[in-house]
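Lettering of chains follows the sequences in order, A, B, ..., and the numbering in each one begins at 1.
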Number of protein chains: 2
Amino acid sequence: MVTLREVAQAAGVSPSTASAALRGMDIVKPQTRKKVTQAAERLHYRANLPARALRSGRSGIFTLIVPDLENAFYARLANSLATELDNRDLRLIIQVSQFNKDKELSQVSELTSSMCDGLFICSTHNSGREIGRVSHGLPVLLFDDMSTQENTCFDSIETPSREGIGAAIRHLYDCGRRRIGIVGGFPPSNRTPPTLGVTLRENRYKQALATLDQLGLDSGQALVPSDWTTREGRLTAHHLVEDGLGFDALCCMNDSLALGILRGLAECGIQVPGQVAVTGFDGIAPGGYITPTLTTVAVDFTSMAVMAVSMMEDQLGGRGRQSRPMPRRIIVGYRLLKRESTVGRSAAGPDII
Amino acid sequence: MVTLREVAQAAGVSPSTASAALRGMDIVKPQTRKKVTQAAERLHYRANLPARALRSGRSGIFTLIVPDLENAFYARLANSLATELDNRDLRLIIQVSQFNKDKELSQVSELTSSMCDGLFICSTHNSGREIGRVSHGLPVLLFDDMSTQENTCFDSIETPSREGIGAAIRHLYDCGRRRIGIVGGFPPSNRTPPTLGVTLRENRYKQALATLDQLGLDSGQALVPSDWTTREGRLTAHHLVEDGLGFDALCCMNDSLALGILRGLAECGIQVPGQVAVTGFDGIAPGGYITPTLTTVAVDFTSMAVMAVSMMEDQLGGRGRQSRPMPRRIIVGYRLLKRESTVGRSAAGPDII
DNA sequence: CTGAAAGCGCTTACAG
DNA sequence: CTGAAAGCGCTTACAG
């Protein structure tokens, strides 16, 4: 293994200078830097990261905690985040919390700040406050913070729940639908314990009801309880059909759920969008190739990742300066993808992932 | 931050002893160990990982390189691997190579052995040999090694291409199909550069042809070139239909491709399995909830991850002992999931992820 | 079984 | 702008 000392020797400078040169500090004379970088290249020098991390307190490694990588939403987010960090020469450790509240907390509390410079987390059951209790001052960025919005204590990036759900429902209205069910609203079904905490579910649901009200539609009978999973969505569809399916549209609170609804409706022989139109939320890949393709609120994952990394770097830069700046909440953009599950085959153009 | 020195002081022992006690070395007297662990707990001690890694040469962090986490196959594998490592208190950095040969190599060569104890890689374009040239002695485990099988130079874990494809085709035969197309066989289509290297595609294709021959079916006209992606699968289906669809079954070389085939056939109004039966390979989640559900060779991802970690630990343990043990190749198990795309609604029971 | 000493490879003040 | 010295927090021989 080649060490910095050897590079310095080969370049005829001290280790301190070599170190500064390789890190691109601008106090180093251009000519000196060149000597050093050439020596480093010639010797195939690679910095020893643990040594650097020990001395500097920065490892260049971040952690993302997600409940399940097999879930396309989290996989897409992880993909974008890993790629964005990679662009900046940073690395991402991914941990899977399996929708388990205690596991989330223990994973957070076992992150030593020395190995990991910051935490990105999609918490399913813990508020920012609860996470803050075990994060020991580590920089944290939340995706869809489960706190009530008034007292969030970390920076967060949120999916456009309000705008997106509103757009989906107005689209259903424009398609002529008047009996719109809100699938996966709050409170949850009592079939299984919900995989997600209250806040996000409540947020989207409230907005859905408000939009129905604005449009002069009945919101009193709109709630269709369901957990936000494909498995539950399928069961929910069966229950709906058994109960007579009093809806001509189903606005699902996320895509996983919507995919299960579509499957369940197909099993029951219900035509989509003929008898019922269906919308989702997230914009995960399968919605683009199942039949019928799924109309959905597609979240801008790329800018989600870009903003996340940039907010994290702000936290790192400003650490210890003042007391603590106000936590920021940023809402990402979206596009309403109008596909077959609302407008049918003829109107929806070819559209695939 | 609490250091080992403080724990040692609180427990009334030396740092060396405290270190040994906390790492569970059995040379430490039980009574001493107890004093130390209690002190560590009381002070909320967390070992500084970079310091440990610097001294010991082990970080407890591994890296997985996959081409795309949004692809359900790689997401599923990453999920299993991260979870299995987590069980052993190890961590996983995930890097995304975007199906790019050069990016794969540069990511490998930039792994400093000091920060990462070993590499798991799903290489799409590089053989084990090519990876070996830039891995600088780092332990490596390949998933579906792209080398020709004779001269692999790392341990590898392989999907059950031969057995699985054989089972899928025999199943199609049992369903009465006699004109079976092999979709995604080698050589590739010339529409786009293939996302995957030759070896895996060739492996599965050869086995498909061999099975057709065994069954006395025509293998000469069986090849349907297509890249192994959903997008390409859809286009391939359109081409097939335009050309008159001379098949009553399509055996797809992986699920992503099969999902695209199903979508394309649906767009063309072709009944599955009525006019054509379709099979996939991998067992990713969407195949369980699309309509029709996809008959597929479901790989045992969990044991894939368990074996991967255990083989990696063998490499770590045996490093530097003898010259180099023979690289091992292990083939994981599978189950043939018989679903609607071959047996239709009536025969396939309810089956969802 | 335990402790004192050395040192892993860097970066960080600080002196010049 | 550069270099000599110190030290980040551990673990590893080694002596007892």
Side-chain angles (χ1 to χ4, degrees), chain A residues 1-37 39-40 43-61 89 111-117 136 316 319-320, chain B residues 1-37 39-40 43-61 89 111-117 136 316 319-320:
Chain A
M1 164 174 214
V2 183
T3 68
L4 183 63
R5 162 185 242 101
E6 303 175 70
V7 173
Q9 237 157 6
V13 298
S14 73
S16 341
T17 303
S19 170
L22 290 174
R23 281 175 299 132
M25 315 248 70
D26 52 6
I27 31 167
V28 183
K29 228 191 326 187
Q31 183 197 341
T32 312
R33 186 205 317 275
K34 194 168 177 190
K35 277 193 303 185
V36 175
T37 48
L43 300 175
H44 301 292
Y45 170 72
R46 319 256 80 199
N48 179 309
L49 266 40
R52 170 177 290 174
L54 174 59
R55 190 59 178 93
S56 72
R58 288 278 179 86
S59 67
I61 301 178
D89 221 30
L111 294 174
T112 71
S113 61
S114 36
M115 185 45 102
C116 158
D117 295 346
H136 305 296
L316 290 174
R319 215 166 3 162
Chain B
M1 163 173 215
V2 184
T3 67
L4 182 64
R5 160 185 243 102
E6 301 176 72
V7 174
Q9 235 157 7
V13 299
S14 73
S16 342
T17 304
S19 170
L22 290 174
R23 281 175 297 133
M25 316 247 70
D26 52 5
I27 30 167
V28 182
K29 233 195 315 191
Q31 184 195 339
T32 312
R33 185 205 318 272
K34 195 170 177 189
K35 278 193 303 186
V36 175
T37 48
L43 300 175
H44 301 292
Y45 171 72
R46 318 255 82 198
N48 179 309
L49 265 40
R52 170 177 291 175
L54 174 58
R55 191 58 178 93
S56 72
R58 286 281 180 86
S59 66
I61 301 177
D89 222 31
L111 294 174
T112 71
S113 62
S114 36
M115 185 45 103
C116 159
D117 295 346
H136 305 297
L316 289 175
R319 217 167 1 163

So which atom in [X] and which in [Y] form the shortest heavy-atom distance, rounded to 0.1 Å?
X	Y	result
A:Pro50	B:Leu54	CB-N, 3.8 Å
B:Val36	B:Val7	O-CG1, 3.9 Å
A:Ser114	B:Ala47	OG-O, 4.5 Å
B:Ala39	B:Ala11	CB-CB, 4.0 Å

Looking at the side chain of [X], which of [options] is the nearest nucleotide?
X	options	answer
A:Met1	D:dT11, C:dG9, D:dG9	C:dG9
B:Thr17	C:dG3, D:dT2, C:dT11	C:dG3
A:Asn48	C:dC10, C:dT2, D:dC10	C:dC10
A:Ser16	D:dC10, C:dT12, C:dT11	C:dT12
A:Leu4	D:dT2, C:dC10, D:dT12	C:dC10
B:Arg55	C:dT11, D:dT12, C:dT2	D:dT12
B:Ser14	C:dG3, C:dG9, C:dT11	C:dG3
B:Tyr45	C:dT2, D:dC10, C:dC10	D:dC10
A:Ser19	D:dG3, C:dT11, D:dT11	C:dT11

Along DNA chain C (nearest heavy atom to each residue), the more 5'-positioned of B:Gly12 and B:Ala51: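 Result of the comparison: B:Gly12.
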
Given that B:Ala18 and A:Val2 both sit by DNA chain C, which one's nearest nucleotide is further toward the 5' end?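 It is B:Ala18 whose nearest nucleotide is closer to the 5' end.
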
Would you tell me whether A:Thr37 and A:Arg33 have side-chain atoms, one donor and one acceptor, within less than 3.5 Å of each other?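 No - no donor-acceptor pair under 3.5 Å links their side chains.
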
Would you kindly give the [atom1]-to-[atom2] distance between [X] and [N], to the nearest whole Å?
X	N	atom1	atom2	result
A:Lys34	D:dC1	NZ	C1'	19 Å
B:Arg33	C:dT2	CZ	P	10 Å
A:Gln31	D:dC1	CD	C1'	12 Å
A:Glu6	C:dG9	CD	C1'	11 Å
A:Ile27	C:dG16	CD1	P	18 Å
B:Arg5	C:dA5	CZ	P	12 Å
A:Arg52	D:dC10	CZ	P	21 Å
B:Leu54	C:dA6	CG	P	18 Å

Reading DNA chain D 5' to 3', what string of ( ), [ ], | and . shows its pairs, if Watson-Crick and G-U wobble pairs count only when both distances fall under 3.5 Å? |||.||||||||.|||

Between A:Ser59 (side chain only) and A:Met115 (backbone N and O only), is there a donor and an acceptor less than 3.5 Å apart?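 Checked: pair present.
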
Working to the nearest 0.5 Å, report the span between OG of B:Ser14 and CZ of B:Arg5.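 One gets 11.0 Å once the value is rounded to the nearest 0.5 Å.
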
Would a 4.5 Å heavy-atom cut-off, applied to side chains only, mark A:Leu22 and A:Leu4 as touching?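 Yes, at least one pair of side-chain atoms sits under 4.5 Å.
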
Under 4.0 Å, counting only non-hydrogen atoms across every strand here, what does B:Thr32 touch: a base, just sugar-phosphate, or nothing?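 Sugar-phosphate: the residue B:Thr32, judged by heavy atoms under 4.0 Å, touches backbone atoms but no base.
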
Is B:Arg23 near enough to D:dT12 that one of its side-chain N or O atoms lies under 4.0 angstrom from OP1 or OP2?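 Indeed, a polar side-chain atom of B:Arg23 lies that close.
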
